[in-house]
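All remarks here apply to the structure that follows.
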Amino acid sequence: MAKEITSRAQDYSQWYNDLVLKGGLADYSAVRGCMVIKPYGFALWENMRDVLDKMFKDTGHQNAYFPLFVPKSLFEAEEKNAEGFAKECAVVTHYRLKTDPNNKGKLIVDPEARLEEELVVRPTSEAIIWNTYKDWIQSYRDLPILVNQWANVVRWEMRTRLFLRTAEFLWQEGHTAHSTMEEAVEETRKMLDVYATFAEEYMALPVIRGVKSESERFAGAVDTYCIEALMQDGKALQAGTSHFLGQNFAKAFEVKFLNKENKQEYVWATSWGVSTRLIGALVMAHSDDDGLILPPRIAPLQVVIVPIYKGDEQKAAITEKVNAIISGLKAKGISVKYDDNDNARPGWKFNEYEMKGVPVRLAIGARDLENNVIEVARRDTKEKNTVALDTVVDVVDQLLKDIQVAMFEKAKAYRDAHITPVNSWDEFVKVLNEKGGFVAAHWDGTPETETAIKEQTKATIRCIPFDQPEEAGTCILSGKPSKGRVLFAQAY
RNA sequence: CGGGAGGUAGUUCAGCCCGGUAGAAUACCUGGUUUGGGACCAGGGGGUCGCAGGUUCGAAUCCUGUCCUCCCGACCA
């Protein structure tokens, strides 16, 4: 009967799985590492996608679609990119099956149908896209190209986790081409800001903007900018990346343009993406032991109304009042569901919608009708209030806005309390072990030191924040001079 | 990919050691009573025991292989 949720304290990983599965977001599938996104989870993704899509278009981008398959020869063109992804590529080698002569009703791969050139299932689309851009670009007048695609990609990960790391996932990838370095850098930064705005204003997820260290950089990029979020277990999660690709892909694919001085130049590039991983971030950042807590601005369902009645007569009277409320809410663009299903009792419904993270619940019974009131309950704090029926639409409208703000503030307070500056190695280790979160520490800037720190503590440099002030110091591990603090954390 | 655990009804699980043809709770269906924080009574339907081989008169149970999931580790643009 009860869908028990493992508590965070008991087993954080299991708690996360419980929320995703029992909250109805996704299910495991028959395919290793691949999940089924269920309607409720997909509705959440659609809401996120729609907002982002509008933000991309408002910043001048257009959508396009490129093939799922990348010929191996194209894939290997940009060496670092190819190397970085090679270990996790699914590869198509054949194009036909045939019936098994030795096993009736079974199929085997037809050995005579081997492809002359293998096709890589895209783990990211730079290669196929830059091979296409080559044909689109002749002159500076063809630039910039500002294109995004919504797609699925495949990365054959060793160990997968629902939403956080699946072998196939949905994402968007923007790929832009520019005539100058300055413009490309500006684009890289602009799109990171779009992501940060989306995370903070829609997902209620505070993020830190910064640049990756060399060893965490995207394969093939000159610089990788990122937004980093903090989960409730003190681990960091990269919520989005925006890459300045320099002329690496232009050179690999011979993409040149004629400038105003009639000279050939290589094109400057960016790419940027966020994925269904954001749903994992959303779940882990906000939810509690009773289930999901979804921010109103992207929740698939913002308000649920539960009637409490004895007999059809009462139910009819309640429904009449509820219908007026529904019209009022819908007129304000608020999504609402009236759950008058007779199979489940109110208590069951309360628990169910709390598990699914519906931001606001209204409950109305005969007692309320007499007094012309209704009960308003908010998911994030579990607070309940009784309000007059004729004000409930406005109250809910405001409450949804309040919840959105409160969720952000709560997450931000937690995040801010978990950015700890440290000045010694002992302190560094102690904070990571006992407190978690981000640790702001001096680092000598070398990959060797970063690796050594990772080996000893599992913590990596999440980013060098854009707003980090310059400050002379000494590296916590090597003792060498440092120009400023960087943020370390254990990460997903 | 290494170590550990697991896969039996929609779900959670028992049965397996010691082989004899599958059970509980819950969910579901019907009827009734109920309904302010996961209701109750009565009746009913539902499972090729992950899949494929093997051993055996007989396999959920024993053996082999394989797929999938979870946890820890390695990996993670």
Side-chain angles (χ1 to χ4, degrees), chain A residues 1-6 10-18 20-22 27-35 78 80-89 103 105-106 122-127 153-162 164-167 169 171 173 212 214-221 224 226 237-238 241-243 245 271-273 275 277 290-291 306-312 314-315 318 339-355 361-371 373-375 377 382 384 386 454-455 458 460 490-492:
Chain A
M1 100 189 187
K3 294 190 189 173
E4 294 294 334
I5 295 171
T6 308
Q10 194 185 337
D11 185 341
Y12 192 85
S13 294
Q14 192 55 48
W15 167 78
Y16 173 78
N17 287 330
D18 282 354
V20 171
L21 297 170
K22 293 170 183 173
D27 254 334
Y28 296 114
S29 76
V31 188
R32 177 194 202 103
C34 298
M35 64 177 173
E78 209 295 323
K80 279 187 179 152
N81 185 249
E83 238 181 69
F85 284 104
K87 285 178 293 179
E88 46 191 80
C89 284
N103 205 346
K106 302 289 181 190
R122 62 179 169 214
T124 181
S125 301
E126 277 79 4
V153 288
V154 170
R155 297 177 186 180
W156 216 261
E157 300 286 355
M158 296 268 193
R159 188 172 159 198
T160 58
R161 298 194 64 189
L162 295 164
L164 296 174
R165 183 172 290 109
T166 47
F169 56 91
W171 76 345
E173 46 182 326
K212 287 290 188 191
E214 185 189 332
S215 52
E216 295 277 324
R217 190 180 296 154
F218 177 76
T224 288
C226 62
L237 188 143
Q238 177 180 299
T241 48
S242 185
H243 314 293
L245 303 174
S271 69
W272 27 273
S275 71
R277 188 180 214 208
D290 294 320
V306 177
I308 301 158
Y309 55 87
K310 296 177 184 164
D312 290 343
Q314 277 189 7
K315 185 177 175 182
I318 290 168
D339 188 353
D340 62 348
N341 185 344
D342 202 35
N343 290 344
R345 297 173 46 159
W348 191 91
K349 292 175 185 172
F350 293 168
N351 283 291
E352 181 68 13
Y353 292 108
E354 276 166 14
M355 187 153 60
R361 181 189 71 230
L362 304 178
I364 179 164
R367 209 165 70 197
D368 300 309
L369 283 188
E370 275 176 35
N371 300 318
V373 296
I374 189 165
E375 182 187 82
K382 296 279 201 82
K384 290 192 270 193
T386 302
K454 184 180 178 181
E455 277 167 8
K458 290 186 203 163
T460 51
Q490 293 181 359
Y492 278 98

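Lettering of chains follows the sequences in order, A, B, ..., and the numbering in each one begins at 1.
Taking only distance into account, the side chain of A/Lys384 meets the base of B/rG37 through a donor-acceptor pair shorter than 3.5 Å. Side-chain atoms of A/Arg345 stay outside donor-acceptor range of the base of B/rG36, with no qualifying N/O pair under 3.5 Å.
Residue A/Ala366 comes nearest to A/Ile318 through the heavy atom pair N-CD1, 4.2 Å, listed as atom of the first residue, atom of the second, then distance. Between A/Leu164 and A/Arg277, the shortest heavy-atom distance links the atoms O-NE, 3.0 Å. Listed here is the closest heavy atom pair of A/Gln314 and A/Lys310: OE1-N, 2.6 Å.
A straight line from CH2 of A/Trp156 to C1' of B/rC1 spans 15 Å, rounded to a whole angstrom. Rounded to whole Å, atom C1' of B/rU35 lies 13 Å from atom CG of A/Asp340. Atoms CG (A/Asp27) and P (B/rU11) sit 9 Å apart, rounded to a whole Å. Distance CD1 (A/Ile5) to C1' (B/rG37): 15 Å, rounded to an integer number of Å. One interatomic measurement links the two molecules: CG of A/Asp312 to C1' of B/rU33, which rounds to 14 Å at whole-angstrom precision. Spacing between atom NZ of A/Lys382 and atom P of B/rG37 amounts to 13 Å, rounded to whole angstrom units. If you take CG of A/Asn341 and P of B/rU35, they are 17 Å apart, rounded to a whole angstrom. Rounded to whole Å, the distance from CG on A/Asn343 to C1' on B/rG38 is 14 Å.
The separation of B/rA42 from B/rG53, taken at their C1' atoms, amounts to 47 Å, rounded to a whole angstrom. If you take atom P in B/rU8 and the same atom in B/rC70, they sit 15 Å apart, rounded to whole Å. Using atom C1' as the reference point in both B/rA27 and B/rG47, the two lie 15 Å apart (nearest Å). Nucleotides B/rU61 and B/rU21 place their C1' atoms 12 Å apart, quoted to the nearest Å. For the C1' atoms, the distance from B/rA14 to B/rU56 is 26 Å, rounded to whole Å.
Distances shown here put every side-chain N or O of A/Tyr12 at or beyond 4.0 Å from the OP1 or OP2 atom of B/rC71. At the phosphate of B/rG36, neither OP1 nor OP2 sits under 4.0 Å from any side-chain N or O atom of A/Arg367. Side-chain nitrogen and oxygen atoms of A/Asn17 include none within less than 4.0 Å of the OP1 or OP2 phosphate oxygen of B/rU69. The phosphate of B/rA74 (OP1 or OP2) has no side-chain N or O of A/Lys458 nearer than 4.0 angstrom.
Within the shown strands, B/rU69 is the pairing partner of B/rA5 under the Watson-Crick or G-U definition, both distances less than 3.5 Å. If you check B/rC18 for Watson-Crick or wobble pairing at under 3.5 angstrom, you find it has no partner at all. Using the Watson-Crick or G-U wobble rule with both distances under 3.5 Å, B/rC13 pairs with B/rG23. Shown here, B/rA39 forms a base pair with B/rU33; the pair counts as Watson-Crick or G-U wobble because both key distances fall under 3.5 Å. Of all nucleotides present, none satisfies the Watson-Crick or G-U wobble test against B/rG58 with each distance under 3.5 Å.
Distance from the side chain of A/Glu88 is smallest to B/rC76 among B/rC76, B/rA74, B/rC70. If you check B/rU69, B/rG36, B/rC75 against the side chain of A/Glu157, the one that comes closest is B/rC75. Comparing atom distances between the A/Met158 side chain and each of B/rU35, B/rC76, B/rC1 picks out B/rC1 as nearest. The side chain of A/Arg159 lies closest to B/rC71 when the candidates are B/rC71, B/rC76, B/rG36. Listed nucleotides B/rG37, B/rC76, B/rC70 differ in distance to A/Lys87; the shortest reach to its side chain belongs to B/rC76. When distances run from any side-chain atom of A/Tyr28 to the nucleotides B/rG37, B/rC70, B/rU35, the shortest one goes to B/rC70. In the set B/rG38, B/rG37, B/rC76, the nucleotide with an atom closest to the side chain of A/Trp348 is B/rG38. Closest contact between the side chain of A/Asn351 and the listed nucleotides B/rC70, B/rG36, B/rG38 involves B/rG38.
Using a 4.0 Å heavy-atom cutoff across all strands shown, A/Asp342 reaches at least one base atom of the nucleic acid. Among the heavy atoms of the strands, none lies under 4.0 Å from A/Arg277. Residue-level contact check: A/Gly273 touches neither bases nor backbone, having no heavy atom under 4.0 Å from any strand. A/Phe85 comes within 4.0 angstrom of a base, heavy atoms only. At a threshold of 4.0 angstrom between heavy atoms, the contacts of A/Asp368 include nucleobase atoms, whether or not backbone atoms are also involved. Across all strands, A/Glu354 comes closer than 4.0 Å to base atoms (heavy-atom distances). A/Arg217 comes within contact range of the sugar-phosphate backbone alone, with a heavy-atom separation under 4.0 Å but no base atom that close. Nucleic acid contact class of A/Glu216 (heavy atoms, under 4.0 Å, all strands): sugar-phosphate only. The residue A/Ser13 sits close only to the backbone: its heavy atoms come under 4.0 Å of sugar-phosphate atoms, none of a base. A/Ala221 comes within 4.0 angstrom of nothing in the nucleic acid, heavy atoms only.
Side chains of A/Tyr309 and A/Ile364 form no contact here, defined as non-hydrogen atoms less than 4.5 Å apart. Between A/Arg217 and A/His243, every side-chain heavy-atom pair lies at or beyond the 4.5 Å cut-off.
Checked against side-chain hydrogen bond (donor to acceptor under 3.5 Å, both in side chains), A/Thr6 has the following partners two or more places apart in sequence or in another chain: A/Asp18.
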Could you pull out the protein-nucleic contacts involving nucleotides 42-52 of chain B (nitrogen or oxygen on both sides, under 3.5 Å)?
none

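In summary, A/Lys382 and A/Asp290 engage in a salt bridge, as defined by a charged side-chain N under 4.0 Å from a carboxylate O.
Position along RNA chain B of the nearest nucleotide to A/Thr224 versus A/Ser29 favours A/Ser29 as the more 5'-ward residue. With RNA chain B read from its 5' end, the first of the two nearest nucleotides for A/Ala366 and A/Gly84 is the one closest to A/Ala366.
Rounding to the nearest 0.5 Å gives a distance of 4.0 Å between OH of A/Tyr28 and CG of A/Asn17. To the nearest 0.5 Å, atoms CD (A/Glu157) and NZ (A/Lys87) are separated by 10.5 Å.
The closest donor-acceptor contact from the side chain of A/Thr224 to the backbone of A/Lys212 lies at 3.5 Å or more, if one exists at all.
Seen from the ring of A/Tyr492, A/Arg165 does not count as a face-on cation partner, given the 6.0 Å and 45° thresholds.
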